[in-house]
S.K.: 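Quick one: the structure is below, questions incoming.
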Amino acid sequence: MLSSFKALCDDAEELVRATANDAGEKVATARRRIEQRLEEGKKTLADAQSYLSEKTKEATDVAETYLKEYPWSAVGIAVGIGLILGLLSRRN
């Protein structure tokens, strides 16, 4: 989703540059609005990436802490999930 949004922003910026020499008040007004929306979108995208990165790091830290404190529970959970997946794949 983020890569699609980046591609959209790149295409919109290219369109704005391509129409930079076009005369007309309506084109200039539309170009200014698009430029403003692009800047807002880029800021929102940067904020979302930062938030996702932070949450991913927090989840990784929690998982690492759990694995260090309860290694055998983690092994048991992994074996259980493997058993369930094995049984499900065997049925098909």
Side-chain angles (χ1 to χ4, degrees):
M1 184 174 155
L2 295 176
S3 62
S4 296
F5 185 73
K6 284 182 180 180
L8 175 65
C9 287
D10 291 342
D11 291 344
E13 285 177 336
E14 185 177 334
L15 179 63
V16 168
R17 283 192 298 273
T19 61
N21 294 328
D22 288 350
E25 186 60 33
K26 288 184 178 182
V27 173
T29 302
R31 189 169 44 257
R32 284 191 299 270
R33 279 198 323 258
I34 290 171
E35 287 172 341
Q36 181 183 7
R37 296 285 194 259
L38 281 171
E39 290 303 317
E40 292 171 1
K42 286 180 180 180
K43 184 181 180 322
T44 301
L45 180 61
D47 291 346
Q49 285 178 323
S50 175
Y51 176 78
L52 288 174
S53 176
E54 180 182 319
K55 291 300 178 184
T56 301
K57 182 170 178 1
E58 288 176 11
T60 302
D61 292 343
V62 168
E64 285 178 1
T65 301
Y66 181 82
L67 287 174
K68 287 178 183 175
E69 290 180 15
Y70 307 103
W72 290 110
S73 294
V75 170
I77 291 170
V79 168
I81 290 173
L83 179 65
I84 291 170
L85 291 175
L87 291 174
L88 289 175
S89 67
R90 190 171 164 199
R91 293 174 86 194
N92 295 328

S.K.: Can you name the salt bridge (charged side-chain N to carboxylate O under 4.0 Å, His left out) partners of E58, sequence neighbours left out?
M.R.: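 So E58 forms a salt bridge (charged side-chain N to carboxylate O under 4.0 Å, His left out) with K55.
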S.K.: Which side-chain N or O atoms in residues 38-48 pair as donor and acceptor under 3.5 Å with protein atoms at least two apart or in another chain?
M.R.:
from, atom 1, to, atom 2, distance (Å)
K42, NZ, E13, OE2, 2.1
K43, NZ, D47, OD2, 3.2
T44, OG1, E40, O, 2.9

S.K.: Any chance you could pull the hydrophobic cluster mates of Y66, using side-chain heavy atoms under 4.5 angstrom and chaining through other members?
M.R.: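 Members other than Y66 - counting any ILVMFWY side chain reachable under 4.5 Å - are Y70, I77, I81, L85.
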S.K.: Got a sec, which pairs hit ring-ring contact (aromatic ring centres under 6.0 Å, His included) with one end in residues 32-63, sequence neighbours left out?
M.R.: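 Qualifying pairs, neighbours excluded: none.
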S.K.: What's the spacing between L88 CG and R90 CZ if we round to 0.5 Å?
M.R.: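 Going from CG on L88 over to CZ on R90, the span is 12.0 Å.
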S.K.: Would you mind listing the cluster partners of L67? Hydrophobic ones only (ILVMFWY), side-chain contacts under 4.5 Å, chaining allowed.
M.R.: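 So far as hydrophobic clustering goes, L67 is joined with none.
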S.K.: Would you please name every residue forming a side chain to side chain donor-acceptor pair (under 3.5 Å) with K57, sequence neighbours left out?
M.R.: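 K57: side chain to side chain donor-acceptor pair (under 3.5 Å) contacts with D61.
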